[in-house]
Amino acid sequence: MFWSKIFIPTLKDSPQDAEVISHQLMLRAGMIRKVASGIYTWLPLGLMVLRNIENIVREEMNASGAQEVLMPMVQPKELWEETKRWDKMGSELLRIKDRHDREFCLGPTHEEVITDLIRNNVKSYKELPLNIYQIQTKFRDEIRPRYGVMRGREFLMKDAYSFNLDEESLQDTYLTMRNTYKKILERIGLEYKIVQADSGAIGGEVSEEFHVLAENGEDTIAISDASEFAINTELLLKEGEDINSLEGQPSPDGNGKIVIKKGIEVGHIFQLGKVYTEAMQVNVQSQEGRAVDLFMGCYGIGVSRLVAAAIEQHHDDQGIIWPESIAPFEVNIVAIGYTKEIKIADAANELCATLKSIGYKVIVDDRKDGYGTKIKDAELIGIPINIIIGNKYLENGEIELKHRNGKSTVSQIAELSTIFDRFKK
RNA sequence: CGGGGUAUAGCGCAGUCUGGUAGCGCACUCGCUUUGGGAGCGAGUGGUCGUAAGUUCGAAUCUUACUACCCCGACCA
């Protein structure tokens, strides 16, 4: 991959309307551009990161035994009337009419569609449990979209729905999803907390949120300084009480004291019970031949929000610092004088080929610009490893290996592939 | 929806108070010189000043209405 062949419109200044750092950096790094409030185009670099996260999510979901489907974004009013949500949802639900005046909405979530699918096609307890998921664009006409992709109206979400014969089976699936989410966030490389939550409008009994810890988080969570315990402060505050008054109080789980942190909610898992399956009459024949309503769970991850959350947690004054797991490229070969010095171009191309062959995602900065421009851009877009090939290479074969997190070493080009070889795949 | 703010070139801004026909930096184009921390010189391109109406001989500037966008609150992955 050559830098000059990829559309990466970086910006020196951040646009005035970007407030939080992830939004600023995503714009400056040429990852996204706004189309309307809360609605964005993903440019090549942004899409690469989005896809990387999506793939981690997909791999872990598949490994957990869940099955991928793709449901429609446009959903008929009739299904939403069955659960009474056509009226309940209010203007968050974007409603549209087709040419025959039939009413539809843009899907903000898919309980209705999946439940309809299951009731029409699953007839026996033998086919259960089922856990079905999709990675799809959602639309919620948020009262106030903000912070770029962090709270967009259109966003990419992984949503899974499980159907279980009894409560025990539901809990089993729920725990599997809980563990899967832990794996996903650990694989991406984010510091997070599992937080007891209010199940809110979706209904149901048990629910937990996954929060990526970051200063710009929209949620305030109370965590214990002595255990894994964490809870959304909304559940802890009594009328008129100030959040700061919680700090230092004994933790509700009896271990240690409360510490207040800011979090970005990137995942939410629910045990819904029978709320939807009763409303929409989803039942199967049990072993005894009776019709029984199913237990349902739903499990969401904000895929596009995770991109922003990762940046909130991993950046410095110069730009993004991608965890290797989701970086658009793992290695950037900064070839100074690429267009002029054949020896530099040859060395860069050859190194690129070698690294590719051992499994690295590599980009060569072949642009006509000088060192300053190239390294500034490299730091902005956050590639983990930068290899500088410049005049020192011409003089004595030396190149510099510069990690985005600060460390840098000098070595001979021949040694380099050996170094990388040891680490790779 | 309530409160606050912004709108002038791709991005950042000046000009608005005090009306006189639009400017700066960066980016972009061409040429030459440069190439280890956002290069230099020269020559260029690009704006119905958010939209509409009004006041005026004349409006980016004054008046009114509208729209978009951002921030604070309630909703949520």
Side-chain angles (χ1 to χ4, degrees), chain A residues 9-20 23-24 27-28 30 33-39 53 57 88-93 108-110 135-160 181 197-202 207-212 218-219 232 234 263-270 298-309 318-319 334-341 344 365 367-380 386-395 398-400 402 408 410:
Chain A
T10 59
L11 301 171
K12 267 193 203 178
D13 305 306
S14 25
Q16 185 52 47
D17 58 9
E19 180 84 355
V20 298
H23 188 198
Q24 290 173 4
L27 289 166
R28 288 188 52 208
R33 286 293 183 266
K34 182 168 67 192
V35 174
S37 180
I39 300 177
I53 293 179
V57 171
K88 270 190 212 158
M89 289 286 277
S91 44
E92 190 184 344
L93 198 61
T109 179
H110 281 70
I135 297 173
Q136 194 227 25
T137 300
K138 296 279 185 280
F139 194 95
R140 293 181 189 172
D141 200 355
E142 292 278 345
I143 295 169
R144 186 152 86 85
R146 69 184 121 173
Y147 301 155
V149 124
M150 192 117 98
R151 177 180 297 282
R153 292 191 289 174
E154 188 178 300
F155 58 97
L156 191 66
M157 178 176 174
K158 188 284 304 174
D159 47 326
Y181 278 31
D198 185 356
S199 51
I202 296 191
S207 113
E208 289 170 298
E209 297 167 346
F210 286 72
H211 283 256
V212 167
E218 289 189 84
D219 294 280
N232 198 311
E234 288 164 18
I264 301 165
E265 183 188 351
V266 296
H268 203 157
I269 56 178
F270 297 85
C298 75
Y299 319 94
I301 285 188
V303 177
S304 45
R305 180 179 283 181
L306 268 171
V307 178
Q318 301 306 313
V334 182
I336 308 154
Y338 186 96
T339 51
K340 208 176 172 184
E341 285 288 346
I344 300 245
D365 193 344
R367 294 175 300 171
K368 208 181 162 182
D369 303 271
Y371 179 76
T373 303
K374 291 188 175 191
I375 204 72
K376 284 284 184 189
D377 270 349
E379 283 166 351
L380 177 61
N386 294 285
I387 299 174
I388 296 131
I389 305 183
N391 55 16
K392 285 180 195 152
Y393 172 75
L394 292 177
E395 284 160 20
E398 243 176 46
I399 59 180
E400 185 183 344
K402 208 171 160 75
S408 94
V410 173

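Chain letters run A, B, ... following the sequence lines, proteins first and then strands; every chain starts at 1. In this text the structure is predicted, and so the values were computed from the model without any measurement.
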[X] [atom1] to [N] [atom2]: how many Å, rounded?
X	N	atom1	atom2	answer
A/Arg367	B/G37	CZ	P	16 Å
A/Arg144	B/A74	CZ	P	10 Å
A/Lys88	B/C76	NZ	C1'	16 Å
A/Phe155	B/C76	CZ	P	12 Å
A/Ile143	B/G73	CD1	P	13 Å
A/Lys12	B/G38	NZ	P	9 Å
A/Glu142	B/C70	CD	P	13 Å
A/Asn386	B/G37	CG	P	15 Å

Assign [X] to base, sugar-phosphate, or nothing according to its heavy-atom contacts below 4.0 angstrom with the strands shown.
X	answer
A/Lys138	nothing
A/Tyr147	sugar-phosphate
A/Gly372	sugar-phosphate
A/Asp17	sugar-phosphate
A/Gly390	base
A/Gln16	sugar-phosphate
A/Gly152	base
A/Ile388	base
A/Lys158	nothing
A/Asp159	nothing

Which heavy atom of [X] sits nearest to which heavy atom of [Y], and what is that distance?
X	Y	answer
A/Ile336	A/Ile344	O-CD1, 3.5 Å
A/Glu142	A/Gly152	CG-O, 3.9 Å
A/Ser304	A/Phe155	OG-CB, 3.4 Å
A/Arg367	A/Lys374	O-NZ, 2.7 Å
A/Arg33	A/Leu27	NH1-O, 2.8 Å

Using atom [atom1] in both nucleotides, what's the gap between [N] and [M] to the nearest angstrom?
N	M	atom1	value
B/A53	B/G15	C1'	25 Å
B/A52	B/U8	P	15 Å
B/A39	B/G25	C1'	16 Å
B/C41	B/U67	C1'	46 Å
B/C28	B/A68	C1'	27 Å
B/G2	B/A60	C1'	31 Å
B/G44	B/G23	P	14 Å
B/U61	B/U16	P	12 Å

Check if the side chain of [X] and the base of [N] share a donor-acceptor pair of N or O atoms closer than 3.5 Å.
X	N	result
A/Arg146	B/C71	no
A/Glu379	B/G38	no
A/Asp369	B/G38	no

Quick check: do A/Asp159 and A/Cys298 have side-chain heavy atoms less than 4.5 Å from each other?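 Contact flag for A/Asp159/A/Cys298 side chains = no.
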Any A/Tyr181 side-chain heavy atom under 4.5 Å of A/Val266 side chain: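 Side-chain contact under 4.5 Å: no.
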Between A/Val266 and A/Val35, which residue's closest nucleotide on RNA chain B lies nearer the 5′ terminus?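 Of the two residues, A/Val35 wins.
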Tell me which of A/Lys374 and A/Glu19 sits closer to the 5' end of RNA chain B, going by the nucleotide each one is nearest to.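 Nearer the 5' end of the strand: A/Lys374.
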May I ask which nucleotide in the shown strands pairs with [N], Watson-Crick or G-U wobble, both distances under 3.5 Å?
N	value
B/C26	B/G10
B/G37	none
B/A52	B/U64
B/C76	none
B/U18	none
B/U45	none

From [options], nucleotide with atom closest to [X] side chain:
X	options	result
A/Arg28	B/U34, B/C76, B/G38	B/G38
A/Leu11	B/A77, B/C11, B/C69	B/C11
A/Met157	B/A77, B/G12, B/G37	B/A77

Are any side-chain N or O atoms of A/Arg153 and backbone N or O atoms of A/Ser37, one a donor and one an acceptor, separated by less than 3.5 Å?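 Between the backbone of A/Ser37 and the side chain of A/Arg153 there is a qualifying donor-acceptor contact (under 3.5 Å).
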Determine yes or no for a side-chain-to-main-chain donor-acceptor pair under 3.5 angstrom, with A/Glu208 supplying the side chain and A/Ala197 the backbone.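 No; judged by distance alone, with no hydrogens or angles, the pair does not exist.
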Under 5.5 Å centre to centre and under 30° between planes: does that hold for A/Tyr371 and the six-membered base ring of B/G37?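 So no, this residue does not stack on that base, at least one cut-off failing.
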Can you check whether A/Thr373 has a side-chain N or O nearer than 4.0 Å to OP1 or OP2 of B/U35?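 No, no such contact exists.
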